[in-house]
Amino acid sequence: MGVTAVILAAGRGERFGSDKVLARLGGKPVWRWSFETLLSHPAVSSVGIVASETNINSIRPLAPEAAFVVTGGATRQESSRIAAEAAAGDILLIHDAARPFVSHGLIDGVLAAINQGSAGAPAVRVSDTIRHLDEAGATLLDREKLFGMQTPQGARRADLLTAHSQNQGDFTDELGLLDSAGFSVQLTPGDPQNFKITTSDDLAKARGIVGFVETRTGLGYDIHAFSHDANRPMMLGGVRFEVTGLEGHSDADVLLHAATDALLGAASLGDIGVHFPNTDPRWKGEPSLTFLRHAASLVREAGWEIVNLDVAVIAEQPKIMKKSLEIRQNMADALAVEVGRVSVKATTNERLGSLGREEGIAAFATATIRER
Ligand code: CTP
Ligand code: MG
């Protein structure tokens, strides 16, 4: 029997506030956790991914082992149908990408139910006392008979396709759909650890379980020659200096270019040339603080927060440290961090080499980021 597993990662994460399956958890995105567990299960022969239009381009390059990566639908049910159509095996396991801690034992239970001729899904007893509220009032329910449903939920793929084609209503899981279409269903042992990340509190709980928050560092370097045009303004760290400026397509702010590259590098997001090509008219004449601000938003979207930036400028002149607080404040505002997280330093090149001959200015920067 060929078992295909599919993780559903096409939701919008509205209750979470952003795309929760892309959130960073212990060194990888949330979706990678269950993806790897399913891949390594001995009975699972392939694993596919149903992504959203907005996250498919960040998921695909990180999923070289995936049997397929396809775009999902507007509801979970629609994404589940797309998963069933894209899968190859005759047995299908459908799993929420938002449940990182699924175990092999839990998967075994679902597969055992399918072997016995039923569809299977893990269930856990509810621990709270539950009341059902309607016009008649709040009725106490018998907690012993209540279960919370988890994933993966599994069935014969043909049965799932039949149930989807009958489309009996709105269901938030496969078992509900299969049940309504008349297929036999079985509850299998669930696990409280296999909880779904729904709100940011759930991510904090998951971080506590993993016990590791990844930190990364990036390096940036840039150099620009002094301009022959005496009227060209000198911009360093978004601050104007009263000396002849540097050559360049943009405002040639060498300090901010190094800082932007360090930040992009920390998150493995390429470099300044990739995001702000000097052939793109959109960036022509833009102050370089715009690049730093945009890089910071890309880094945040990728699930990181900024820990600190440190810049070293190599220039015989002008004297940069006189305006270092202004520069740090500009950068901190662009990065949306407090000024204490940004450092700027300067040194001369002791009259050595091209920088020492005042042919140009160079800057190095490092940036440190952590999972947010
Ligand atoms: N899902 C999906 N396609 C949808 C909706 C949900 O693939 N159209 C996936 C989610 O990515 C998630 C799982 O189904 O892994 C469970 O759904 P849920 O927890 O509701 O996630 P979201 O829909 O993303 O969250 P919210 O309802 O808060 O927007
Ligand atoms: Mg949802």
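In each ligand, atom 1 is the first atom listed, and ligand 1 is the first ligand listed.
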Checklist entry - Which pairs count as side chain to side chain donor-acceptor pair (under 3.5 Å) when at least one residue sits in residues 126-137, sequence neighbours excluded? => result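 Found Thr129-Arg143.
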
Checklist entry - Without hydrogens or angle criteria, can the side chains of His257 and Asp222 be said to hold a donor-acceptor pair below 3.5 Å? => result yes

Checklist entry - Quick one: are the ring centres of Phe276 and His294 less than 6.0 Å apart? => result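 Ring centres of His294 and Phe276 closer than 6.0 Å.
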
Checklist entry - Charged N to carboxylate O under 4.0 angstrom, Lys205 versus Asp202? => result no

Checklist entry - Does a side-chain N-to-carboxylate-O contact under 4.0 Å join Glu326 and Lys323? => result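 No, this pair does not count.
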
Checklist entry - Exactly which residues line ligand 1, taking a heavy atom under 4.0 Å from it as the test? => result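 Residues within 4.0 Å of ligand 1: Leu8, Ala9, Ala10, Gly11, Arg12, Gly13, Glu14, Arg15, Lys20, Gly73, Ala74, Thr75, Arg76, Ser79, Asp96, Ala97, Ala98, Lys196.
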
Checklist entry - Could you walk me through whether Ser103 and Gln193 pass the side-chain hydrogen bond (donor to acceptor under 3.5 Å, both in side chains) check? => result CA-CA 9 Å; Ser103 67; Gln193 186 107 326; over 6 Å; no

